[in-house]
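This structure is a prediction, so every number in the text was calculated from the model and none was measured. Chain naming here is simple, since letters A, B, ... match the order of the sequence lines and numbering starts at 1 in each. Because only heavy atoms are used, hydrogens play no part in the values below, and waters and symmetry mates are left out as well, while side chains stay in.
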Protein chains: 2
Amino acid sequence: MSVGDTEKSTSDRGRLDKRRAIVEAALRVFARVGYAQASLDMIAAEAGVAKPTIYNHLGSKENLFRHVMTETAARANGKTMEVLESFPGEADGLRPGLEDVAGKLVACYTDEQSQAVRRLLYAEAVRFPDLFDQVRASGPDQFIEALAGRLARLANAGHLRIEDPVRAANQFIALVYEELPTLSTFGSRPLDSRDAEKVAVAGVDTFLRAFGSSSGS
Amino acid sequence: MSVGDTEKSTSDRGRLDKRRAIVEAALRVFARVGYAQASLDMIAAEAGVAKPTIYNHLGSKENLFRHVMTETAARANGKTMEVLESFPGEADGLRPGLEDVAGKLVACYTDEQSQAVRRLLYAEAVRFPDLFDQVRASGPDQFIEALAGRLARLANAGHLRIEDPVRAANQFIALVYEELPTLSTFGSRPLDSRDAEKVAVAGVDTFLRAFGSSSGS
DNA sequence: GTGAAAATGAACTGGGGAGTTCAATTACCT
DNA sequence: AGGTAATTGAACTCCCCAGTTCATTTTCAC
C-alpha cells in the first residue's frame with residue numbers, strides 16, 4: 001500500500017532468472033541452518049521470491065535440495081578438475097609445481113560453496129544416500145582417477161617412485177588436505193588461508209619424501 | 001486389557017537402568033535417522049520406555065542428544081587412547097608395531113558407535129557448534145598430542161626423522177585413515193575390514209618411506 | 001505388608017512447516 | 001494496446017512432534 005515500506009515491492013517481478021535466484025538462495029539457507037531447519041519461507045524470502053514460485057520451478061523441498069546439491073557439486077568439481085591442467089609433467093620444477101597444484105586444490109576444497117555442499121552431503125548422507133553416491137561418483141572418484149593418471153605419467157618418466165598410482169593419489173590428497181576438515185570445524189568456521197597453505201606445502205614435502213626420486217627433492 | 005497383546009506389557013517396569021537403556025536407544029535412533037528426524041516416541045519405543053521417563057531422566061531432546069554424544073564420544077576416545085599403549089618404543093619391530101597400531105586405530109575409527117557419533121557431530125555441527133568443539137577438544141586433539149609425543153620419542157632415539165611431531169602425527173593419521181570416510185559413505189555404509197587393513201598398511205608404508213631412518217625399513 | 005518413589009500410557013497443547021489454492025497483479029511477446 | 005503466462009501474497013489445510021499433565025500401576029526399601 002504505502003510507498004517506501006519494503007525495498008523491492010514492485011520492481012523485479014517478471015520471470016527473469018528466478019530459478020537461479022532460488023537455487024542460489026537455497027544453497028545459502030541450507031548451508032546456514034541445515035536441511036531440516038531450512039523452511040521454504042526462509043528460502044523464498046532469501047531469494048526475493050514467493051513461495052509458490054519455488055514449487056512452480058522445482059516441485060518439492062527434497063527436489064530443490066537435490067538440484068542445489070548436484071548443480072553446486074558439479075560446478076565445484078569442474079573447478080577442481082581444471083586445477084589438474086597445471087599439473088607438472090616434467091621433473092623440472094616438480095616440487096614447486098606440486099606445491100602450486102596442492103595450493104590450488106586446497107583453495108577449491110576450502111571454497112565456501114564447496115565446503116557447504118560437502119558438509120550438507122555428509123550431514124544428510126543418512127536421508128539421501130543415493131545423492132551422496134551420485135555426487136561422489138561424478139566428482140571425487142573421477143578426480144582421483146585423473147590425478148592417478150598424472151602421477152603414473154610422472155612415475156613412468158622416472159620422476160617419482162610409485163607402485164600403485166590410485167593409492168598414491170589418495171594419499172596425496174590425504175596429505176594435502178590433512179586436518180583441514182577439523183581445522184575449519186568441517187566447514188562451519190572460517191579457515192586461515194596461511195594455515196591451509198602451510199598444510200599443503202608440508203603435505204607435498206612428505207609426499208616427495210616418500211615418492212620422490214633423487215631429482216625431485 | 002488382554003493378556004498376550006504386547007510382548008513386554010507387565011514385565012520390566014521398575015527403575016533399573018532405564019537411563020542407560022534410553023541413552024543407548026537414543027544413539028541407535030539418532031544414528032539411523034538423524035537428529036531432526038528422530039522423535040522422542042521413536043526413542044521411547046526403542047528403549048522400551050515411556051516418553052515421560054525420558055524427560056524425567058534427561059529433560060529435553062537437545063539435552064538427551066548432548067548426553068548421548070559426549071558419553072559415546074568419551075567411550076570411543078578412551079578406546080583410541082588405549083591403542084597408544086601398544087605403541088612401539090624401540091626400532092626393533094618398528095614397522096610391524098606401527099602396522100599393528102594403525103590397524104587398531106582403523107578398528108576404533110570404523111567402530112559402529114564411533115562412526116555414528118562422528119557422523120552425527122558433523123551433521124549437526126551447524127546446530128551444535130559448541131558440542132563439536134567440546135568433543136574434539138576432549139578427543140582427537142588430545143589424541144594427536146599423545147601420538148605426537150610417541151613419534152617424538154622415536155625421533156629422538158634416531159628411529160625416525162621427524163622435524164615437526166604434531167604435523168607428523170596429523171599426517172600419520174591422514175595416511176592411515178586415508179579415504180576411509182568416503183569408502184564407507186561417511187559411516188552410513190558397512191566397510192570391508194580387509195580393505196581397511198590394506199589402507200592402514202599402505203599408510204604405514206608411505207609414512208615410513210617419508211620419515212623412516214635406515215633401520216626401520 | 002506398607003508406603004514412597006518411579007514408571008506408565010494416554011490424552012492434550014502449542015507451534016511450526018510443507019504443500020496447495022486462488023484471485024489479483026505484473027511482465028513479456030506480437 | 002492486448003493477450004497470455006508467470007508471479008505474487010495471503011490464507012488455508014494437514015500433519016508431525018516436543019513437551020506436559022495426570023491418574024494408575026509397579027517396584028523397591030524397610
- Can you tell me the distance, in whole Å, between the CG atom of A:Asn56 and the P atom of D:dT8? 9 Å

- Query: Could you state the NZ-P distance from B:Lys18 to D:dT26, rounded to the nearest angstrom?
  - Reply: 13 Å

- Query: Taking OP1 and OP2 of C:dT8, is either one under 4.0 Å from a side-chain nitrogen or oxygen of B:Thr53?
  - Reply: yes

- Lys/Arg cation over aromatic A:Phe87: A:Lys104, 6.0 Å, 45° cone: no

- Query: Can the ring centroids of B:Tyr122 and A:Tyr122 be said to lie less than 6.0 angstrom from one another?
  - Reply: no

- If you check every side-chain atom of A:Leu40, which of D:dA18, C:dA18, D:dT8 has the closest atom? C:dA18

- Starting at CG of B:Leu58 and ending at C1' of D:dG19, how long is that distance when rounded to a whole Å? 14 Å

- Query: Taking CZ from B:Arg127 and C1' from D:dA18, how many angstroms apart are they, rounded to a whole number?
  - Reply: 13 Å

- Message: I want to confirm an ordering. Mapping A:Tyr35 and A:Pro52 to their closest nucleotides on DNA chain C, which one lands closer to the 5' end?
- Response: A:Tyr35

- Query: Within the pair B:His57 and C:dA7, is there a side-chain N or O less than 4.0 Å away from OP1 or OP2?
  - Reply: yes

- Message: Applying a 4.0 Å non-hydrogen cut-off, can you work out what B:Ala38 is touching in the nucleic acid: base, sugar-phosphate, or nothing?
- Response: sugar-phosphate

- Note on the structure: So NE2 of B:His57 and CZ of B:Arg20: to nearest 0.5 Å the spacing works out to 12.5 Å

- Query: Is the base of D:dG19 touched by the side chain of B:Lys51 through a donor-acceptor pair closer than 3.5 angstrom?
  - Reply: yes

- Note on the structure: Which of D:dT20, C:dG9, C:dA18 is nearest the side chain of B:Ala50? It is C:dG9

- Mind calculating the distance between CD1 (A:Ile54) and P (C:dT20) to the nearest angstrom? 13 Å

- Does B:Phe172 have its ring centroid less than 6.0 Å away from the ring centroid of B:Phe211? no

- Task: Figure out the CZ/P separation between B:Phe30 and D:dC17, and round it to whole Å.
- Result: 13 Å

- Item | Sole residue of A:Arg75, A:Arg28, A:Glu24, A:Lys79 in side chain to side chain donor-acceptor pair (under 3.5 Å) with A:Gln113 | A:Arg75

- Query: For the pair made of OH in B:Tyr55 and C1' in C:dA11, what is the distance, rounded to whole Å?
  - Reply: 15 Å

- Protein-nucleotide distance (B:Asp41, atom CG; C:dT8, atom C1'), rounded to Å: 14 Å

